K.L.:
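This is the structure, below, for whatever I ask next.
We number each residue from 1, following the sequence as shown. In this text the structure is predicted, and so the values were computed from the model without any measurement. As the structure lists them, so they are numbered: ligands from 1, and atoms in each ligand from 1.
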Amino acid sequence: MTIRKIATIGHPVLRKVANELTREELALPETQRFIDDLVETMFDANGAGLAANQLFEPVQICAICIKDNPRYPYKPNYPLTVLVNPELTPTSDETFVNFEGCLSVPNLRGEVQRFATIKVHAWDRHGNDLDFDVRGLTAGTFQHEVDHLLGKLFVDGVKDTRTLCTWLDFERYFQAEFVARAKGIVAKYGS
Ligand code: ZN
């Protein structure tokens with residue numbers, strides 16, 4: 001496994017819609033090795049998720065794992081999940097305002113509105129169908145990662161640009177209020 005370099009905002013690979021994979025392409029040893037690298041790089045960088053195009057590979061693969069994440073200590077844990085060709089469908093009109101950051105947008109955070117309940121349809125890394133629901137902060141993480149595969153970054157969704165802040169100023173000026181709000185989201189949606 002190799003820790004790979006992460007593309008940062010401004011690189012065109014982050015702005016292209018990533019290509020769907022066939023089951024044959026997914027089964028190739030190089031694709032499986034790439035998924036190992038994606039997961040390893042996500043863990044190394046303390047990401048809650050990572051999308052393939054963030055590693056300069058424009059294919060529809062992303063990984064999510066939240067385990068006592070130091071970048072997002074208020075996020076509930078979520079097991080390692082690899083999504084291939086994911087599609088997300090909101091299952092209600094309910095939304096919440098998330099405070100997001102991104103490994104491809106160094107030292108910047110901001111508020112983004114996200115659907116609170118979504119259905120996930122994808123393949124796992126072996127091409128098996130996945131169908132499950134995610135809610136609350138976890139649903140926000142899934143929307144952030146799948147947005148990457150559509151060429152979108154969280155800054156595109158920041159409506160109130162006064163919420164844009166460095167990580168240090170997040171701690172100073174936004175964290176207390178947001179963590180209180182996040183607890184309410186977790187209490188309501190269980191995640
Ligand atoms: Zn990101």
Side-chain angles (χ1 to χ4, degrees), residues 3-19 34-88 90 95-116 118 120 122 134 136-161 163-171 174-175 178 182 185 191:
I3 309 288
R4 298 213 189 186
K5 188 173 184 286
I6 297 174
T8 49
I9 184 168
H11 196 289
V13 74
L14 295 172
R15 292 309 196 171
K16 289 193 187 110
V17 178
N19 300 315
F34 172 73
I35 293 172
D36 291 338
D37 290 353
L38 180 76
V39 170
E40 194 68 12
T41 305
M42 173 180 71
F43 287 145
D44 179 70
N46 286 324
L50 195 61
N53 49 348
Q54 291 182 273
L55 301 185
F56 304 90
E57 296 287 343
V59 290
Q60 295 266 342
I61 304 173
C62 64
I64 289 160
C65 183
I66 302 155
K67 191 165 185 303
D68 306 325
N69 190 296
R71 278 163 59 88
Y72 307 101
Y74 47 84
K75 283 194 186 196
N77 286 342
Y78 194 86
L80 174 62
T81 304
V82 173
L83 302 177
V84 179
N85 300 336
E87 283 174 30
L88 304 183
T95 61
F96 69 97
V97 176
N98 207 10
F99 225 113
E100 301 195 8
C102 179
L103 294 170
S104 292
V105 186
N107 201 20
L108 195 69
R109 302 186 70 156
E111 283 190 346
V112 186
Q113 194 166 19
R114 294 295 189 185
F115 287 105
I118 55 172
V120 181
V134 281
L137 295 179
T138 306
T141 305
F142 274 70
Q143 286 162 87
H144 177 113
E145 296 312 325
V146 173
D147 271 358
H148 273 301
L149 301 178
L150 302 172
K152 297 182 195 166
L153 295 170
F154 84 88
V155 289
D156 306 346
V158 176
K159 296 243 166 50
D160 183 353
T161 51
T163 65
L164 287 168
C165 58
T166 65
W167 281 68
L168 184 59
D169 282 333
F170 173 77
E171 285 177 19
F174 296 92
Q175 183 166 262
F178 180 68
I185 296 162
S191 54

K.L.:
Report yes if some heavy atom in the side chain of Gln143 is under 4.5 Å from a heavy atom in the side chain of Leu88; otherwise report no.
P.N.:
yes
K.L.:
Within the supplied structure, the quantity of interest is the number of heavy atoms (other residues, nucleotides, ligands) at a distance under 6.0 Å from Phe115 CZ; does it exceed 12?
P.N.:
no
K.L.:
Using the side chain to side chain donor-acceptor pair (under 3.5 Å) rule, collect all pairs that involve residues 100-114, keeping only residues at least two apart or in two chains.
P.N.:
Gln54-Ser104, Tyr74-Arg109, Thr95-Gln113, Asn98-Glu100, Glu100-Arg114, Glu100-His144, Glu111-Arg181, Arg114-Asp147
K.L.:
Give every residue pair that meets the side chain to side chain donor-acceptor pair (under 3.5 Å) criterion with at least one member in residues 62-73, sequence neighbours excluded.
P.N.:
Asp68-Asn77
K.L.:
Could you grab the protein N, O or S atoms closer than 2.8 Å to the Zn ion (ligand 1) for me?
P.N.:
Cys102 SG, His144 NE2, His148 NE2
K.L.:
Using the salt bridge (Lys or Arg N to Asp or Glu O under 4.0 Å) criterion, which residues pair with Asp160? Sequence neighbours excluded.
P.N.:
Arg162
K.L.:
What pair of heavy atoms forms the shortest contact from Ala52 to Val59, and how long is it?
P.N.:
CB-O, 3.3 Å
